[in-house]
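Here the structure is laid out as structure tokens; the discussion comes afterwards.
Indexing begins at 1, ligand by ligand and atom by atom, following the structure's order. Throughout, numbering of the chain's residues begins at 1 and tracks the sequence. Every value quoted in this text rests on a predicted model; they were computed, and no experiment measured them.
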Amino acid sequence: MRTPIIAGNWKLHMNPAQTTEFVAGVKDQLPDSNKVEALICAPAVDLDALASAAKGSNLKVGAENAYFEDEGAFTGETSPKVLAEMGMDYCVIGHSERREYFHETDADINKKAKALFANHITPILCCGESLEKREANQQAEWVVGQIKAALKELSADQVSQLVIAYEPIWAIGTGKTASSDQAEEMCKTIRETVKDLYNEETAENVRIQYGGSVNPSNVKELMAKPNIDGGLVGGASLKPDSFLALVNYQD
Ligand code: PGA
């Protein structure tokens, strides 16, 4: 059985004081993490505050990006080894904003996945097509290509633990959610791709989130789909009430 995972992706929002206040406002009302994992992925500058505030609660903590080297002459980068020392459970990699604005390639993302696994942090691997690809009906081919490239040389054991986030770019921050059927169709295709690359068991274990304008009013319908195991949520994760409504969608 896959445990659902609802993750906030704060992007470039919040400071350490706001982070502490947010966690204080949610930490006693979170679901048991065996039932639903509730996770916040925050900017690197807030992670110390996030980890301290979340200590002893059901809130999982994560980063939004990491470099693929633990240390060295890489000015401005974030070390996956230090993220692990700070207690990070998860790290988002390959978000479409990183691919688009910071020119991250599939090869970079593959190296980041390996570096995170080496440091015992679970990657949340993002994939998703542009509006142009969707309109040309090339979305499945595109996403399958991203997945194959990102998983290169990862073991079945690693992929069993992985979280994949399907985020169609045209649905991110636009208020235009993919329909639950569109989201399910792609999450199913991703699971089938994992089965082809590995085996049935790995495909049954990997958790697949949908992301793109998820909010408290559409989360239930999305989560009812058999291949959708969670959500990666931007805008609707920034307020405690909205985050709590998302993670407690089963109530
Ligand atoms: P959104 O962002 O929920 O604001 O659409 C999702 C994401 O980019 O992870």
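- Listed here is the closest heavy atom pair of A49 and T20: CB-OG1, 3.8 Å.
- Checked by distance only, ligand 1 and G234 come closer than 3.5 Å through their nitrogen or oxygen atoms.
- Of all atoms in ligand 1, listed by their number and element, those nearer than 4.0 Å to a heavy atom of K11 are 2 (O), 7 (C), 8 (O).
- Applying the side chain to side chain contact (heavy atoms under 4.5 Å, CB included) test between L151 and each of D106, N110, L162 identifies L162 as the sole match.
- Looking at G235 next to ligand 1, an N or O pair under 3.5 Å apart turns up.
- Between Y67 and F74, the ring-plane angle classifies as tilted under the 30° and 60° cut-offs.
- Residue-ligand proximity, G173 to ligand 1, at heavy-atom distances under 4.0 Å covers atoms 1 (P), 4 (O), 5 (O).
- The closest approach between a heavy atom of A236 and any atom of ligand 1 is not below 4.0 Å.
- Note on ligand 1: G212 sits in its first shell, one or more heavy atoms being nearer than 4.0 Å.
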Any chance you could lay out the side-chain contact (heavy atoms from CB on, under 4.5 Å) test for I164 and V206, step after step, and finish with the verdict? CA-CA 8 Å; I164 297 175; V206 67; 4.0 Å; yes
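- At a threshold of 4.0 Å, the pair D108-R99 does not count as salt-bridged, since none of the basic side-chain nitrogens sits closer than that to a carboxylate oxygen.
- The contact set between ligand 1 and H95, taken as ligand atoms under 4.0 Å from a residue heavy atom, comprises 7 (C), 8 (O), 9 (O).
- Checked options L83, D70, V82; the residue passing with N119 is D70 (criterion: side chain to side chain contact (heavy atoms under 4.5 Å, CB included)).
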Can you list the steps and then say if E104 with K112 is a salt bridge (charged side-chain N to carboxylate O under 4.0 Å, His left out)? CA-CA 11 Å; E104 285 191 14; K112 290 181 178 200; 2.8 Å; yes
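- Contacts with ligand 1 closer than 4.0 Å are made by heavy atoms of both the backbone and the side chain of I172.
- Close approach of ligand 1 to E167 is summarised as follows: ligand atoms under 4.0 Å from at least one heavy atom of the residue are 6 (C), 7 (C), 8 (O), 9 (O).
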